[in-house]
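For reference, the structure is listed below as structure tokens.
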Amino acid sequence: MKSAVVVWRHQKTNYQNLGQVGIVVSKTRIIEAPNGFIGPYWVVLVKLKLGTVVGQWADQAEPKIGMKVIGILRRIGEADPAGVIEYGVKWKQW
Amino acid sequence: MISVSGAYQTKFGELWDRSLEDLILEAGQGAISDARINKTKIDLVLVANMLSGRLDSQDHLGALAVQILDLDQTPALRVEAACASGGVALHQAVTAIKAGNAKTVLVIGVEKMTDKSNSQIAQALMGAASSQERQAGLTFVGLYALMARVYFEKYKASKNDLAYVAIKNHRHASRNPKAQYPFPVELETVLKSSCVASPLHLFDCSPISDGAAAVVVTSRPQLKRDVAITASQLATDSVSLSERQSLTELKATKIAGQKAYAQAGISPDNIDIAEVHDCFSIAEIMAVEDLGFCQKGEGFKKIKHGEFDHDGRLPVNLSGGLKACGHPVGATGVKQIVELVTQLRHEAVGRQIKTGKIGLAHNVGGSGATAAVHILRKL
């Protein structure tokens with residue numbers, strides 16, 4: 001369970017790729033999800049100008065290798081029992 | 001000369017009637033008995049484990065093992081390096097002996113996993129990944145699936161090619177009574193298994209397992225049954241997959257392997273038998289390439305053509321590997337050593353290699369952040 005303090009601290013880094021544009025270099029559809037997530041969902045590996053990041057996919061269309069994508073603000077994971085909702089960057093087609 | 005004088009593995013599997021303590025007791029006593037020494041000769045106990053605190057609310061495993069095995073006031077500690085905990089613990093044993101702090105070390109690898117649900121295990125294992133990967137909802141299957149997809153693109157491999165890893169390792173496990181899945185599987189079964197994280201399916205994945213293994217490592221004068229450790233090397237890489245230079249190889253494996261060959265004064269061609277870290281089918285393919293057993297991009301073809309079978313050029317994972325022998329994560333690296341020692345002593349009933357004196361064990365933590373490579377030689 002994430003504490004409110006941890007979610008607050010994550011704000012420093014969670015949004016740094018917001019609005020960044022990159023290219024999908026790999027992808028996987030997670031069927032068996034870990035605690036705190038409800039599958040299935042896609043996770044993409046995105047190559048940006050200044051490095052590579054992983055993040056969840058947030059688009060109707062299926063991600064494709066080589067697709068141009070942009071980072072957008074979305075809720076990440078399920079809210080914890082204390083009701084703290086964490087936001088971060090997910091990816092969609094650009 | 002540092003050698004392994006005692007080796008023992010418990011049955012791997014869903015051992016619902018066995019506790020963490022039961023497994024430590026059986027493995028520890030088994031290795032001490034196999035070494036044919038008085039337990040008062042043990043100077044240090046190392047317990048390799050990743051998840052007992054999270055899954056069993058049991059930390060402080062070093063002292064616990066000493067209590068269970070009645071080893072009096074012997075110094076003891078726990079070693080954690082994710083799924084490479086066993087290999088790293090062995091390396092620490094070698095280091096302690098070389099430093100003159102111990103003459104005989106008992107290394108126990110143990111994990112008790114099947115009391116928890118799959119999603120709880122998936123979450124706990126992600127403690128070996130980065131925070132960004134956890135936030136993305138990735139699992140370890142997912143991390144290796146991302147690597148598999150890049151490998152497929154680069155080397156024109158497919159999901160069908162991965163299936164031959166599972167078929168080989170299940171065939172090997174069918175001759176190992178201590179394996180979790182001691183039965184062969186057909187191609188159709190593997191290909192029709194359910195998807196876990198695309199493109200990896202159930203039979204591409206090692207299972208959730210309970211089990212323990214232990215070895216006695218010593219600098220005492222070598223006896224006939226002892227097997228020498230001629231190389232013990234570790235290497236690390238970024239914990240985050242996204243920070244890696246390449247997604248089709250594990251740099252830590254390459255570096256640890258190269259350092260181990262140099263330390264032992266041999267080349268990959270000299271290896272007679274290997275236990276490699278096949279947590280997922282794509283991991284074995286990358287391992288046989290990164291360890292120099294074949295060229296990059298050739299691993300899946302060589303496995304399909306039987307080069308790493310029991311009767312092939314270089315038998316790989318005769319225990320059944322992580323895939324079919326099972327993967328109680330803290331125990332895996334130690335179990336690999338137990339299998340090599342058993343083979344090099346010519347005591348592997350039903351699955352014994354005909355000839356061979358040099359074995360290699362390759363143990364990986366996380367998605368490639370830690371790699372331990374050991375080379376053993378029977379004199």
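Residue numbers start from 1 in every chain, and the chains themselves are labelled A, B, ... in the order their sequence lines are given, proteins ahead of strands.
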Heavy-atom neighbours of [X] [atom1] exceed 12 at 6.0 Å:
X       : atom1 : answer
K192(B) : NZ    : no
E186(B) : CD    : no
K92(A)  : NZ    : no

W57(A) portion near chain B, given a 4.5 angstrom heavy-atom threshold =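 Nothing of W57(A), per the 4.5 Å heavy-atom cut-off to chain B.
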Roughly how far, to the nearest 0.5 Å, is OH of Y41(A) from CG of L138(B)?
-> 7.0 Å
At what distance, to the nearest 0.5 angstrom, does NE2 of H10(A) lie from OG of S131(B)?
->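 That separation rounds to 5.5 Å.
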No-hydrogen, no-angle side-chain donor-acceptor test under 3.5 Å, Q135(B) and E86(A) |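 On atom types as modelled, these side chains qualify, holding a pair under 3.5 Å.
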What part of R244(B) is in contact with chain A, defined as an atom under 4.5 angstrom from a non-hydrogen atom: side chain, backbone, both or neither?
-> neither
Side chain, backbone, both or neither of L200(B) within contact of chain A (heavy atoms, under 4.5 Å) = neither
Chain B: which of I31(A), T13(A), N35(A) shares the most heavy-atom pairs with it under 4.5 Å?
-> N35(A)
Residue selection (most heavy-atom pairs with chain B, distance under 4.5 Å) from I65(A), V53(A), V46(A), V44(A) =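 Maximum pair count with chain B is reached by V53(A).
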Looking at S119(B) and A33(A), what are the two nearest heavy atoms and their distance?
-> CB-O, 3.6 Å
Are any non-hydrogen side-chain atoms of [X] and [Y] less than 4.5 angstrom apart?
X       : Y       : result
I30(A)  : V141(B) : no
V54(A)  : Q132(B) : yes
S198(B) : W42(A)  : yes

Residues from residues 144-151 of chain B approaching chain A under 4.5 Å (heavy atoms) = A145(B), L146(B), R149(B), V150(B)
When only pairs under 4.5 Å are counted, which of G137(B), A122(B), A124(B) shares the most heavy-atom pairs with chain A?
-> G137(B)
Check: Q123(B) side chain, P34(A) main-chain N or O, donor-acceptor pair, under 3.5 Å |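 Between the backbone of P34(A) and the side chain of Q123(B) there is no qualifying donor-acceptor contact (under 3.5 Å).
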